[in-house]
Amino acid sequence: MRALPRTGVAATTVAVTAAMVLLLWPTGGRDQPAVHGAASARPSVSPPTDPNTDYRNPGAVCLRFAAAVYRRDTAADPSAQTAYRRAMAYATGELATALAAQPDAIDTQWAQWQAHRVSTEPAVTAVVDADGQPADGVADAYRAARATVTPVGADRWRGPTEVHLVHCTLHRDGGGWRIAGYDLSDGSGTP
């Protein structure tokens with residue numbers, strides 16, 4: 001895993017701001033919806049809590065976030081952005097606000113998946129590199145997850161299997177660990 005720099009509150013704020021400006025979609029960056037205005041100009045979103053997640057465990061939160069981002073159901077979801085809205089359950093208020101503000105968008109992959117009524121159930125595993133991962137701080141932690149996704153249509157159509165890495169920057173507050181920022185990348189190489 002690539003080494004992530006140890007950061008304080010200022011760097012976490014930068015990570016959140018960067019996530020708000022350039023939310024990377026799992027389609028390799030083909031769809032990068034624009035975020036207009038500053039986060040402070042929007043009403044803050046209070047993220048929901050998933051009762052099945054141990055928010056005391058940053059690794060569990062990162063895994064659940066990665067699973068939510070890559071779980072899709074074209075029969076129920078108007079766009080891939082719906083998955084990000086579900087992932088808000090694992091995000092800080094600032095990141096949840098940025099995710100909630102993203103408009104639905106349809107790309108060619110989503111249109112193809114809709115035609116086949118695709119749903120995905122990602123296989124998510126932790127990526128651990130004891131030499132490259134900084135130790136947890138009092139309020140900040142870093143984790144990574146690998147999500148393997150094979151789109152399967154209701155008509156038995158199967159798309160190619162995709163592997164993605166999710167690098168999570170987590171912040172701890174009174175309610176436990178939450179995703180403050182993230183980076184999505186193609187997981188075909190080494191992390």
Side-chain angles (χ1 to χ4, degrees), residues 15-37 39 42 45-50 52-53 61-125 127 143-170 178-189 191:
V16 169
T17 302
M20 290 168 34
V21 174
L22 295 173
L23 287 176
L24 299 176
W25 289 60
T27 55
R30 288 190 304 251
D31 295 321
Q32 295 182 2
V35 176
H36 302 286
R42 285 189 212 101
V45 171
S46 179
T49 299
D50 177 355
N52 298 315
T53 299
V61 174
C62 183
L63 289 172
R64 298 292 286 213
F65 178 81
V69 165
Y70 288 104
R71 185 172 290 115
R72 309 293 168 83
D73 182 357
T74 60
D77 298 345
S79 75
Q81 184 58 27
T82 306
Y84 287 89
R85 291 188 186 109
R86 282 191 292 268
M88 287 172 26
Y90 314 103
T92 62
E94 294 85 3
L95 183 56
T97 299
L99 293 172
Q102 294 303 305
D104 287 322
I106 306 296
D107 68 355
T108 55
Q109 181 187 53
W110 189 260
Q112 180 184 37
W113 285 14
Q114 281 183 316
H116 293 288
R117 299 180 321 274
V118 164
S119 64
T120 63
E121 188 61 43
V124 180
T125 57
V127 176
R143 296 293 187 275
R146 179 176 286 113
T148 304
V149 181
T150 303
V152 178
D155 60 1
R156 297 187 182 182
W157 175 88
R158 292 178 70 88
T161 296
E162 301 172 356
V163 179
H164 304 278
L165 294 177
V166 181
H167 295 274
C168 302
T169 300
L170 298 104
R178 294 278 187 154
I179 306 296
Y182 64 96
D183 181 39
L184 306 178
S185 62
D186 178 2
S188 58

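Everything quoted here is computed from the prediction, not taken from an experiment. Residue numbers count from 1 along this sequence.
In this structure, the separation between CD1 on Ile106 and CD on Gln81 is 11.0 Å, given to the nearest 0.5 Å. Annotation: the span from Ser119 atom OG to Arg72 atom CZ amounts to 12.0 Å, rounded to 0.5 Å. We find the CG-CZ distance between Leu165 and Arg146 to be 5.5 Å, quoted to the nearest 0.5 Å. Atom CD of Gln112 is separated from atom CG of Asp107 by 10.0 Å, given to the nearest 0.5 angstrom. The distance from the OG1 atom of Thr125 to the CG atom of Leu63 is 7.5 Å, given to the nearest 0.5 Å. Rounding to the nearest 0.5 angstrom, the gap separating the OG1 atom in Thr82 from the CH2 atom in Trp110 is 6.5 Å.
Partner of Phe65 under the ring-ring contact (aromatic ring centres under 6.0 Å, His included) criterion, chosen from Tyr182, Tyr90, Tyr70: Tyr182.
Among all heavy-atom pairs drawn from Arg85 and Asp104, the shortest one is NH1-OD1, 2.9 Å. Contact between Gly93 and Pro47 at its shortest, heavy atoms only, is CA-CD, 3.8 Å. Across all non-hydrogen atoms, the minimal contact from Arg178 to Val61 is CA-CG1, 4.4 Å. Minimum interatomic distance between Ala105 and Ser79 (heavy atoms only, all atoms of both residues): O-CB, 3.3 Å. For Val163 against Asp186, the heavy-atom pair with the smallest separation is O-OD1, 3.3 Å. Closest heavy-atom contact between Met88 and Ala96: SD-O, 3.7 Å.
Residues Leu184 and His164 form no side-chain contact, since every pair of their non-hydrogen atoms from C-beta on lies 4.5 Å or further apart.
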(message) Between Thr92 and Ile179, does the side-chain contact (heavy atoms from CB on, under 4.5 Å) criterion hold? Intermediate values first, please.
(response) CA-CA 6 Å; Thr92 62; Ile179 306 296; over 6 Å; no
(message) The test is salt bridge (Lys or Arg N to Asp or Glu O under 4.0 Å); show your working for Arg86 and Asp50 and say whether it passes.
(response) CA-CA 10 Å; Arg86 282 191 292 268; Asp50 177 355; over 6 Å; no
(request) Take Val69 and Val166, measure what side-chain contact (heavy atoms from CB on, under 4.5 Å) needs, and give me the verdict at the end. (result) CA-CA 9 Å; Val69 165; Val166 181; 5.7 Å; no
(message) Walk me through whether Gln109 and Glu162 qualify under side-chain contact (heavy atoms from CB on, under 4.5 Å).
(response) CA-CA 12 Å; Gln109 181 187 53; Glu162 301 172 356; 2.8 Å; yes
(request) Step by step, work out the side-chain contact (heavy atoms from CB on, under 4.5 Å) result for Val152 and Arg117. (result) CA-CA 8 Å; Val152 178; Arg117 299 180 321 274; over 6 Å; no
